[in-house]
Structures are given as structure tokens and as C-alpha cells.
Amino acid sequence: MDPAATATPAAIATLVQELFVADGPVDRPVRIASLVAFQGDHRTLTERDLPRIASALIEDVAKEIDEDIDEDIDEETTDQARPALTDALARTLHSLGTVDLDDLRAVRLGPEAFARHLAVAAPDADEELDPADAHTHAALREAACAHILRFLTLRSPFVAAAEDAGFEERYAQDIVAAHDHLTIYGIDLAHSPDSWPLDAAYLSLETETDGGGPSAPAEQALAGRTRVLLWGVAGSGKTTLVQRLAVSVARGDLPAPLEGLRGRVPFVLPVRRFRRDGFPEPDGFLAAVRYPHAAAQPPGWAERVLSRGRGLLLVDGVDEAPEEERERLREALRELPTRYPGNVWLVTSRPSAVRENWLASERFTELKLSPLSREGVTAFIRRWHAAARQDITDQADLDRLSGYEETLLDAVRITRDLGRLATNPLMCGLLCALHRDRRGYLPRGRKALYDAALSMLLERRDRERAMLPPDGIDLPQEPKIQLLQKLAHWMLVNGRSEMDRATALETLGRYIPAIPHAARQGGPEEIYRHLLNRTGLLREPTPGSVDFVHRTFQDYLSARAVVERHDFDFLIDHAHLDDWEEVIRMSVSLARPDECAYLLEGLLAARKDARPVHARHRKLLAAACLEHATELDPEVRSRVHRYTRDLVRPTSLEGARALGWIGPIVLEMLPDPSAVSDEEAHRLAVTATSIADDRAIDYLVRLRDRASWAVRAQLAAAWRRYDTDRYAEEIIAHLDERELDFPVSDLEELRALRRLGGRPCVQIAGAFTPEQLTEGLVAERLTELWLAYDLGADLDLSWLAGFPRLEILRLSHRNAEVTGVPEGVQVIVTGA
């Protein structure tokens, strides 16, 4: 164990402090010899005190490092230090008064090199020691030096500032190196197998708030906020956004809305890394996430960063903590922001893992990552193919890739099944990779998509390139899947999304003998390296640990393992845990008809020990599973409908939003909205508009004539999720215009609104040029315009002179002085 990485016990700190005088300059480097307390004009110790301090240090330091030198320090040593060892360490401490180093140089040397300096300064310290004691003395000397350097750093603001600056520069470089890339699955080119620069592949994500405001790019939504809880479903891009923020801040290359983050220090804190030990203290952040140079951070550095309000804390994946640990995590997220005000916090989670207002009392704003809009899907596909083109030089290959790009865009727009799958960056990435890999052919449905992805990653990619196994191991697809399932199943059973490398080897070692193809080709170590290097599904995020590249692959392989084991009671017993939702849905898609029926009946069955909230969760999960069942007894399907029909009349907005994860199947169960109150109609509108499927339009048509502003605003805000022209004709055209802002996020919507004759109040939720707005907005109707996006600097709005009836201009952001606003137009800034 690295002594510097261990928290200093109070007893050792007191002993070290006793070695030095209390006063002395702290605004410049100071010779260590002038600070020791056993010589000079201000001495508080005599040389006869050094053996006493040495003996006490041996006792305390030995306890701290005994896991490294336990063979050399016996019980007698820790109770009462041997005289020869005490004398040796006392001589070493005495050399502090002769070493020709100042405090800054010593700290920069680090414990190991500083200990060598003291060894040179006290060459006779080991004279009377046998080899074993000399080895022990060397370990104790280095550990004591780590604590001495910590003291010197903490006593001098000058030393601390100098060390902090140097470390932060290196740390920023390491953050960029670790996070400035995205993995695009299925691509295996000669020079860039599956990893691309973040800038080339990153797609700005859209967020929504619960306050009914317009959707906005994540960077804009985060601007000016210091505490945010960000929800996003699996594969929605939460971790990618965390990477983007960390890299942008580390580089100092920030988009305009996030200029306020300049100069901050990013801490990327994946919850899965530290959940067993709870949320770490600041000085333990880097060690907890296994940053390779954690031991090199200056003592107290992270504490100083947070105390000065300079931190950007990116806490990623609350859902990856076991349910029973989340309350402890929540307490830490309450306490730390209060203890260290002025820092910026972004916490991410799957929506089902935390309830609404989970951190509201701590003034966290709750945002939700939106499903990719049609324009977002198009942008993702274009960026993906642009990234893929970076390393292609052959013109014929470039032409083929361009052709694939256009046919995929057409397929996603026209084919409903594909459009429903392409709702987040992960699924879009899989579609892009599979489409290219299969030369324009795409599977349909979630099960087919993942089976095809596994085929591509585990077998076809290498085979079709006639690639010889680089590690000498040639496993067919099925044995690879079987072994990967064992790892995924272990993580499921143990509630983990990451496992120690040693545990992975042990798990593989248990199952390899039962898989002849694997057993003939190597042991656990060789097979593990093969799965890691050649499947594209595993990675080692830090030395000594392994996880799946995406949680959805882990969930899918876990489901395969459970179905093969016929362990459906196991699923039913854990169905109340949100971590298991995806596994259960995928199990239904993989199971035979009788197995599906058994699983769904089990979810509906009453359980004596079930809490009401868990019973409701199970029934809703049964409803969510229906669309994944490829074959199911009609009576079972009818029974699920019957049991869940009453559950889809939400009594709160929170409940209405919670129904969104069920998917399109819920549309079949929602009540007829024609005979309900406006309040209930609003909740039904929230549920239906959370389902990004054009089938929702048929239900929303029955709400379009409501006079309630809340219902009309909910319907208007949902336009971007559906087919532009159909939604315009069937919903937008029928909404009462009074006091309603009509949102426009792209050119298609702007043109569609113009075809409808324009509207008095328009909310511009996307970036447009003045020319596009002048041409697209209906000047004779426009009385209020809301520019609900970041306008940047030097904004000239003289083009608004073309709208003679304009009375009110709303701006969501103002980064500079606005000029050119026509006389008589009232300007209102609605956000910061």
C-alpha cells in the first residue's frame, strides 16, 4: 500500500508536527534545516527527544503499512520498538537538520526520493541493523517521509499553491487522455478500430425540464446552474455528456453557454467505483475512481479545490448503486454541497432509480435527457458516418459509405420499427454499425438487433476480414456468448456493473471446463484476454477491473443466461428492483411462449411480503413487457391488460411521467380522455407525449380541443417528437391559440407553421438565421416572439423591423448587449 495514499492518523500528524517549530515563513521556500525543532534559536526539542518520537512513529506507522512489511514487523515491534530500529529511525530524523533542501523542493521530490536524501544524510543509521531490520527501516523511513511532506505542504500556502498548480496541469492532461474519445461499436478499420475523437462524434443532447419550458441543448440547460440531477434512460448519452463536460473544462475549450465553468477542476466520479465504501471524502476522490496518479496529488489538494469553490463534480450513475445504498449516497449529496459551497454538481441516473424531487431539498434542478428527435437521429447518423470516413482513403469505399448513409437515413424515416429503435445514441450507433457491416441490411426489433450486434462483434467482423487470431485463440461465437453470459450473470446476481479482474478470472475458471471449445485453447487468463481484446464487449476501465462497454449489453447477456437457466422465479423475486427492469424485458423477448406466460403471471401475482409500491411496479413492468413478447397466449395478454388498466390513470404528474418507460403499449390502456377533468386530461397528456412513437398522435387527437392551457401547452411542446407534417395537421392546427407559445425547433416545423397561417406567439427553440426566421414567420400575425436558445454575443436584432405587429420579445439568455430592437417592442429576459 502506498503510504501517501493513506489518510494521516491524528497521532502521526501530532508526532510529525512536534519535529518542527511553529513559526517560520510560509510565503516562500524555506530550508527544512531551519524549521526543525531540535536545533536553532527557537528549539522546543532536544536530540534526546528524537528516540522517543522515533519509537512512537515506529508503532503508529508500522500499523499503517504492516500489510506490506508484516513479515518484518512482529508483534513485539508494534508494542515496543526494538532499540536498534528506534536508534536507526532517530538518526534518520536527526538528518532533517542537515539535509540541504527547502520545503518546496522536498515536496516535489516525493516520499521515495526524499527518503533517499535522508538515507544519504544519515549513512550510519543502518550500521547496527541486520538485513531484515534494514529493510523494515527503509519502509518506515519512506512512510514517515510521506507524512513529513504532507505536513510541509499543509503548513505553507506557498508550497501548496506551487504543488497544486503543477498537479492540476498534469491532472487536466490525464482527464483529456482518459475521456476525449467515444467508442463506436462495430467499426474495425486499420488505423482506428473503434474509438473516435469526442469532438468528431459528439452530438449535443437535448434536455427537458418538468416546468413546461422548451427543450434546450444540454449545454444551454446547464448554463448558470450549480446543482443538477440529470435523468436519462439506458443509452441516452449521460456518460458521454459527463465526458464532454470533463474534457471541455480540462482543456479550457468551452462552448459559450458554459463559460462560467472555466478554471474549474473536473472530478469524474462513476458511482460504481466507490459504492461499496460509500461516497469518498474529497482527498479520496482520485483513489476511489482509481486514477493512476492519485498518490501524486498534493496533500489536501482536493479539499482546497472544493473549499475554494473551484470543483466540477460529475457523479455518474446513481442507478449503478444498489438500492439499499442509494439513501447513503443521497445523504452525501446533501452534505457535501453544503459543506463546500460554490462548486458545480451534476448527478446522473436512470429515471427509474430515483424518485422525483430526490434532491430537490438541496436545490438540485431536475433535467431529463430527451429521446433523440428526428433531427437528432439525422445528425447522429451524419456525424457517425463523418467519423467513419476519417481514416478511409479509397474513393470507392468513401462512395459506398456515403450510399449507406443515405439509405440508412431513408430507412429510419420510413420504417416504423427502425424509427422506434433509433431513440438514443446507443441504439443509433448500433444501427449505423450493423447497417455498414451488413452492407445495407438491418434487423428489426430489439432482440434481432442485439443478436445481430453480437454476431458482428463476436464473429463476423474478424471472419469476413480473413483475420487470423492474433492471440492464437479461435473461439466460435456461441462459446464466447456463453462465457460472457457468465460474467454478466455474476454482475446481475451481485448487483454490480463492474467486477474485479480476479473475480472475472475465477468465474471463467469455473465454467471453462464445461465449454470444450474454450477448454482446449487456454486457461482463464488466456480466455479472459481474448474476450477483452477481441469481442468489443468488455473493457478494463481501470487496472484490475472489468465491465461491459455498455450496460445494455450486460443486461441482454444477463437475460440470456437467466432464460437458459429457466430461472424465472429468480427474475420475479427481484422484479421490484429497478436495476432488473431491462433484464426482465429482454428475458421476455428471449423466452418461449410458455415461459413468457409464466413470467408475466408471476409479475401479476400477489405476494404477501410485497409493499404496495412494489406490487404496482411489478404490474406496470408486466405491461411494459407485452410489446417484447413475440408469441403469447391471448388470455395472458388480456389478463395483463385487466390487471394494469386501473394503474394507468395517474393521480400525479410524477405518476404520469413514470408511465413513460412502459412504452407504446400503455396507449392501449389509457382511459378515454373525453369524460375526464382538465386536471386529469393534463396528466394523460403528459403520459402520452412521453411516448415518442407516432401512435401517440391517435390518442392526443382526443385531447386537442381542450380549453385548458396546461393541456394545450403540453401538446404544443411535444411537436418535435413526432412526424412534423402529421402532427402539424392533426394536433397543432387544432390547438386554441390563446396565451399559447407555439414551439419551433427546426426548419420543417417553421415551414409547417407557416403553411398553417402562422401564429401570434412563437417560441424559437432551435438555432435559425435571421433570414430563415424572416422568411418563415408570418409577419402580419406575429405579436410575441420567444428566442429560447443561447443567442451568443453582439446580437443585432434589427431584422425584427420586418414584423410590424411585434409587441413582446422574450430572450432566454442574454450574453451581450442586444441592439437593433425596434422601438416599442418590450424585451423580457426569462432565463439566465
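All values below were derived from every heavy atom in this structure, side-chain atoms included, with hydrogens, water molecules and symmetry-related copies excluded. The structure presented is a predicted model; accordingly, all values stated were derived computationally and were not measured.
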Point to revise | Full working for salt bridge (charged side-chain N to carboxylate O under 4.0 Å, His left out) between R721 and E206 | key: CA-CA 12 Å; R721 296 180 179 175; E206 293 279 322; over 6 Å; no
Exercise for review: Check the pair R759, D741 against salt bridge (charged side-chain N to carboxylate O under 4.0 Å, His left out), reporting the backbone distance first and the verdict last.
Suggested key: CA-CA 8 Å; R759 290 296 185 271; D741 294 297; over 6 Å; no
Check your understanding: Going through the distances and angles, do R683 and V686 end up as a side-chain contact (heavy atoms from CB on, under 4.5 Å)?
Key -> CA-CA 5 Å; R683 293 194 294 269; V686 168; 5.5 Å; no
Practice item. Would you check, one step at a time, whether the test salt bridge (charged side-chain N to carboxylate O under 4.0 Å, His left out) holds for D694 with R726? Key: CA-CA 9 Å; D694 282 347; R726 182 184 170 197; 5.0 Å; no
Point to revise | Step-by-step salt bridge (charged side-chain N to carboxylate O under 4.0 Å, His left out) determination, R755 to D725 | key: CA-CA 10 Å; R755 288 196 297 272; D725 291 334; 2.7 Å; yes
Exercise for review: Any chance you could lay out the side-chain contact (heavy atoms from CB on, under 4.5 Å) test for W786 and I828, step after step, and finish with the verdict?
Suggested key: CA-CA 9 Å; W786 182 355; I828 301 173; over 6 Å; no
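The residues D316 and K238 are annotated as not salt-bridged, no charged nitrogen and carboxylate oxygen being separated by less than 4.0 angstrom. Salt-bridge formation is detected for the pair R649/E680: a Lys NZ or Arg NE/NH1/NH2 atom is positioned less than 4.0 Å from an Asp or Glu carboxylate oxygen. Salt bridge status for E748 with R720: absent, with no side-chain N to carboxylate O gap under 4.0 Å.
Considering only heavy atoms from C-beta on, Y722 stays 4.5 Å or farther from I731 through its side chain. At a threshold of 4.5 Å between non-hydrogen side-chain atoms, the residues L245 and L222 count as touching. Between L408 and C432 there is a side-chain heavy-atom pair separated by less than 4.5 Å. The closest side-chain heavy-atom distance from L346 to L230 is below 4.5 Å. Contact annotation: the side chain of L314 never approaches that of W345 to less than 4.5 Å [non-hydrogen atoms, C-beta and beyond]. Annotation: side chain of L797 is in contact with side chain of W799 (closest heavy-atom distance under 4.5 Å). Looking only at side-chain heavy atoms (C-beta outward), V344 and L313 stay at 4.5 Å or farther from each other. Proximity of P425 to T240: side-chain heavy atoms (C-beta onward) are nowhere separated by under 4.5 Å.
Annotation for A223 and P257: closest pair CB-O, 3.1 Å, computed over non-hydrogen atoms. Nearest heavy-atom pair, L229 versus F364, reported as atom, atom and distance to 0.1 Å: N-CD2, 3.9 Å. What you find for C428 and L372 is that their closest heavy atoms are SG-CD1, 3.7 Å. In terms of heavy-atom proximity, T724 sits nearest to W719 at O-NE1, 3.2 Å. I175 approaches V247 most closely through the heavy-atom pair O-CG2, 4.3 Å. The shortest heavy-atom contact between L785 and L806 is N-CD1, 3.7 Å.
With sequence neighbours left out, the salt bridge (Lys or Arg N to Asp or Glu O under 4.0 Å) criterion links R754 to no other residue. Remark: E807 pairs with no residue by the salt bridge (Lys or Arg N to Asp or Glu O under 4.0 Å) rule, at least two apart or across chains.
Using a 3.5 Å distance cut-off with no hydrogens or angles, the side chains of S248 and D253 do not pair a donor with an acceptor.
Within the structure, every pair that satisfies the salt bridge (Lys or Arg N to Asp or Glu O under 4.0 Å) test and touches residues 769-788, not counting sequence neighbours, is listed here: E737-R781, E784-R810.
Atom CZ of R262 has more than 12 heavy atoms from other residues, nucleotides or ligands within 6.0 Å.
T348 places a side-chain N or O within donor-acceptor distance of the main-chain N or O of G317, the cut-off being under 3.5 Å.
With E405 as the fixed residue, the side-chain hydrogen bond (donor to acceptor under 3.5 Å, both in side chains) test singles out one of H435, R389, R436: R389.
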